[in-house]
Structures are given as structure tokens and as C-alpha cells.
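Heads up: the structure comes next, in C-alpha cells.
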Amino acid sequence: MPVEIKQLLTSIRKFKSDNEEIKAGYEADRKMVTSILETMSDGILITDKDGNVSTINRAVREIFGLDEKNLIGNSLVEVTRNHNVNDLWQKCVASKRQETVSFETTPQKSYVRCIASPLDPEQPGNILFLFQDLTRIRRLELIRQDFVSNVSHELRTPLASIKLLTETLQASAMDDPPAAKKFLVQMDNEIDNLTQIVEELLELSRIESGLVPLEKQWVKPSQLIRTAGECMALLAERAGLDFTFGCDEDLPNLNVDSPRLSRALVNLLHNAIKFTPSGGKVEVSAYQEKEDIVFFVKDTGVGIPPKDLERIFERFYKSDPSRSNQGTGLGLSITKHLVEIHGGKIYAESDPHIGTTIHFHIPIEQNT
């Protein structure tokens with residue numbers, strides 16, 4: 001075989017080998033890019049110059065509730081079925097600069113920010129869409145707004161009352177000692193309400209920020225119930241209630257912050273007594289369920305409407321109408337946090353006009 005032909009064959013083989021290495025490199029890069037896109041928390045979608053989808057990742061599919069099939073090559077509006085995204089594409093194509101829009105998706109009810117960026121000049125006419133799910137951030141912002149609004153409302157009522165009483169005293173009541181004494185007692189009550197709100201807000205803030213170190217000790221569940229029950233017995237007696245407290249003395253000991261867990265029980269008992277009419281019953285007890293001790297406070301009070309049941313542990317939340325004008329609305333929220341920092345969980349069961357039972361579980365730790 002002539003030397004020239006051998007050299008040509010060698011060059012062909014080398015070219016083929018190099019070409020296969022290049023293809024393998026391209027395939028590896030493609031897989032890496034695909035893997036990166038699929039694991040991103042933000043959604044990535046790319047359209048070509050005709051507005052058809054050429055790239056889409058898992059996050060976009062989750063935001064819009066899409067199946068993985070038959071997405072590539074379809075138009076943007078067919079894939080997302082969202083006029084906000086389609087309007088953004090048209091606006092970006094026309095302006096040839098980055099555009100942004102925020103909207104809520106259906107039926108997932110996710111709050112999304114979408115940023116559209118032209119890929120010119122590298123890919124003329126192509127548009128890159130970045131989808132950021134801001135649902136949690138928006139929910140936290142709404143909670144913050146509600147919190148500020150609720151604090152303002154709770155403080156405004158006693159402050160307005162104190163202001164009115166002061167003006168009345170200054171105007172005429174100072175010359176009427178019995179009336180003046182009555183107004184001073186009312187002012188003292190309103191100041192107590194303000195003090196309670198501030199103290200509970202500070203307590204809740206410390207718990208939520210993790211600045212409350214737990215001083216754990218081994219204690220019988222019956223002792224926790226006895227402490228809370230004896231604290232609230234007089235109040236229950238004055239309310240004309242049949243009040244019982246206690247549990248099996250042989251339940252396993254708990255390694256907990258005893259004063260704080262007793263505080264949780266007191267909060268629950270205070271609510272139960274407050275919303276149970278005279279002649280009703282209130283009970284606090286505990287039992288073992290698998291690896292937990294379950295405490296419960298049961299009453300035969302006014303009950304909680306089903307629509308309010310899941311929200312009663314929110315800060316300042318008060319169900320209407322019976323609970324709207326009593327308490328600060330912070331007790332159950334504090335109780336929830338006290339239970340959770342012990343690794344437990346809390347929930348309520350209720351039937352309007354029949355009664356309410358609130359349970360909370362505390363894990364049993366082994367004394368090693």
C-alpha cells in the first residue's frame with residue numbers, strides 16, 4: 001500500500017477518534033447542564049424566536065403543575081397557560097431588554113416573580129425566563145403585616161380607654177370621690193391588660209428567637225398536671241365549674257423544663273375555664289401513646305367553629321363571636337411554641353356548643 005494512502009487512512013482514523021471524543025465531550029457537557037437545570041430551585045425556561053419552548057426545567061413544571069411530556073416545541077402560552085407570562089414575552093421581544101412581572105399561579109396558588117431576558121446577540125430572538133417562587137416570602141410578609149396591625153389594634157383599645165378615663169377625671173370626676181375611685185380601678189385594669197400584652201409579646205419573641213434555654217429536669221407527668229391544676233382550681237371554683245385534674249402516677253418520667261411546660265398547661269386551662277359556662281366541666285389529664293406522653297385539656301364550653309380550628313394557635317387570632325373581646329390572643333401561640341421547643345406537637349378538636357379538647361404530645365426521652 002502506497003505511503004500516501006497509509007497516511008490518509010491514519011489521518012481519517014485520528015479524525016474519527018477526535019470527532020468521537022468531541023461528541024463525547026459535548027454529551028457530557030449537555031448532561032451536566034441538564035443536571036444543573038433540573039436541580040435548580042428557580043425555574044428556567046427558554047423560548048426561540050417564534051415563542052416556542054426549547055428548554056424547561058423541573059422547577060417550572062412544578063410551579064405550573066405540568067407533566068414532563070410534550071412540552072418542548074410547544075408555544076409558551078400552551079405550556080404555561082398564563083397570560084402574564086405570554087404578555088411578558090411580548091413585552092420583552094418588543095423592548096429587547098429585561099422585563100419583570102409578579103403573579104399568582106392557579107391552581108397551585110404560588111406567588112411567582114418572572115424575569116424575562118433577551119439572549120441577543122448570542123441567540124437572536126431567544127428569551128430566557130427565570131421563575132422565582134416567592135410564596136413563602138410573601139406569606140411571611142403578610143404575617144408580619146398582620147402582626148403589626150394586630151399589635152396596634154390590641155394596644156389601641158386599652159390606651160384609648162385610659163385616655164378617656166383620664167379626660168373624664170380631669171373634667172369633672174375628681175370632685176366626685178366614688179366616681180373617681182371607680183375610674184381609677186378601671187384604669188388599673190387597663191394598665192394590667194397593657195402589661196400582660198407586653199409581657200406575652202416579649203415572652204413569645206424570646207421563644208421564637210431561640211433565646212429561651214430549657215432547664216430540663218426529670219419530672220412525673222402527674223406533677224406537671226398537679227402544679228397547673230392547683231394553680232387554676234380557685235378560678236374554676238369561682239366560675240362554678242366541675243374541675244378535675246390528675247393522671248396515672250406510673251406514667252414514665254419526662255425530661256422537660258417543668259415551669260414552662262406547666263405554663264403551657266395553665267394557658268390551656270385558663271382558656272377552657274374562660275369559655276366554659278357555669279355548671280360545665282373542665283378536665284386535664286395525660287396518658288401514654290407509644291413513645292409520647294399525651295396531655296389534654298377538655299372542656300364542655302362554647303367550642304370553636306371548624307373554620308377557626310386550624311388558626312387558633314396563630315398570634316392574636318380570636319374566633320368570633322364568643323372569643324373576640326377576651327384575652328390577648330397570645331396564650332395559645334405561646335403554648336404552641338413551648339410544646340414545640342420540647343420536640344412535641346399540639347392540636348385541637350372541637351364541636352361548637354359541645355366543647356373543645358386540646359392535646360399535646362411530649363416525647364419520652366430515655367434516661368441514659
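Reckoned from all heavy atoms, side chains included, excluding hydrogens, waters and symmetry mates. If you read the sequence from its start, that first residue is 1, and numbering goes on from there.
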Same apolar cluster: [X] and [Y], side chain cutoff 4.5 Å:
X	Y	answer
Phe103	Leu134	no
Phe360	Ile273	yes
Leu268	Val294	no
Leu159	Leu184	yes
Phe131	Leu76	yes

Does [X], at its [atom1] atom, have more than 12 non-hydrogen atoms belonging to other residues, nucleotides or ligands within less than 6.0 Å?
X	atom1	answer
Asp67	CG	no
Glu340	CD	yes
Glu215	CD	no
Lys281	NZ	no
Lys220	NZ	yes

Counting only N and O atoms by type, is there a donor-acceptor contact under 3.5 Å from the side chain of [X] to the main-chain atoms of [Y]?
X	Y	value
Asn74	Val79	no
Asp351	Ile354	no
Glu283	Thr244	no
Thr55	Ile46	no
Asp120	Gly125	yes
Ser350	Gly355	yes
Asp299	Gly301	yes
Ser285	Gly246	yes

For a quick test of reading the model, state the closest non-hydrogen atom pair linking [X] to [Y] and the distance between them.
X	Y	result
Leu309	Glu349	CD2-CA, 4.5 Å
Ile127	Pro118	CD1-CA, 3.8 Å
Tyr287	His359	OH-ND1, 4.0 Å
Pro363	Gly343	CG-O, 3.4 Å
Leu88	Cys114	CD2-SG, 3.5 Å
Pro277	Leu241	O-CD2, 3.1 Å

State, yes or no, whether a side-chain contact exists between Thr47 and Leu45 at a heavy-atom distance under 4.5 Å.
->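 They are in contact (side-chain heavy atoms under 4.5 Å apart), so the answer is yes.
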Do Asp292 and Gln288 come within less than 4.5 Å of each other through their side chains, counting heavy atoms only?
->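 No, every pair of side-chain atoms sits at 4.5 Å or beyond.
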Indicate whether the side chain of Asn82 and that of Asn84 have a donor and an acceptor atom separated by less than 3.5 Å.
->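 Note: Asn82 and Asn84 side chains meet the donor-acceptor criterion.
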Could you go through the salt bridge (Lys or Arg N to Asp or Glu O under 4.0 Å) check for Glu141 and Arg136 one step at a time?
-> CA-CA 9 Å; Glu141 177 63 20; Arg136 183 172 179 274; over 6 Å; no
Looking at Glu249 and Arg226, does any basic side-chain N land under 4.0 Å from a carboxylate oxygen?
->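 Looking at Glu249 and Arg226, the cut-off is met.
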Salt-bridged, Glu104 to Arg138, with N to O below 4.0 Å?
->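 Looking at Glu104 and Arg138, the cut-off is not met.
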Derivation and outcome, side chain to side chain contact (heavy atoms under 4.5 Å, CB included), residues Phe296 and Ile358 = CA-CA 5 Å; Phe296 68 89; Ile358 296 183; over 6 Å; no
Using the six-membered ring wherever Trp is involved, compare the ring planes of Phe243 and Phe245 and label them parallel, tilted or perpendicular (cut-offs 30° and 60°).
->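 Tilted.
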Is the distance between the ring centroids of His361 and Tyr347 under 6.0 Å?
->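 Yes, ring centres under 6.0 Å apart.
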Quick one: OG1 on Thr168 to NZ on Lys182, what's the gap to the nearest 0.5 Å?
->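 The NZ atom of Lys182 is 11.0 Å from OG1 of Thr168, to the nearest 0.5 Å.
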Drop me the distance from Leu261's CG to Lys216's NZ, to the nearest 0.5 angstrom.
->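 Nearest 0.5 Å value for the CG-NZ distance: 10.5 Å.
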Phe313 and its side chain to side chain contact (heavy atoms under 4.5 Å, CB included) partner, picked from Thr335, Leu332, Ile334 |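 The option that passes is Leu332.
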Could you walk me through whether Glu190 and Leu194 pass the side chain to side chain contact (heavy atoms under 4.5 Å, CB included) check?
-> CA-CA 6 Å; Glu190 294 296 349; Leu194 282 172; 5.9 Å; no
When you look at Ile304 and Ile312, which way does the side chain to side chain contact (heavy atoms under 4.5 Å, CB included) test go after all the steps?
-> CA-CA 9 Å; Ile304 304 169; Ile312 62 172; 3.9 Å; yes
Go through Arg97 and Glu99 one step at a time and tell me if the salt bridge (Lys or Arg N to Asp or Glu O under 4.0 Å) criterion holds.
-> CA-CA 6 Å; Arg97 63 171 183 265; Glu99 303 287 352; 3.8 Å; yes
Going through the checks in order, is the side chain to side chain contact (heavy atoms under 4.5 Å, CB included) test met by Gln217 and Asp257?
-> CA-CA 6 Å; Gln217 58 184 352; Asp257 188 320; over 6 Å; no
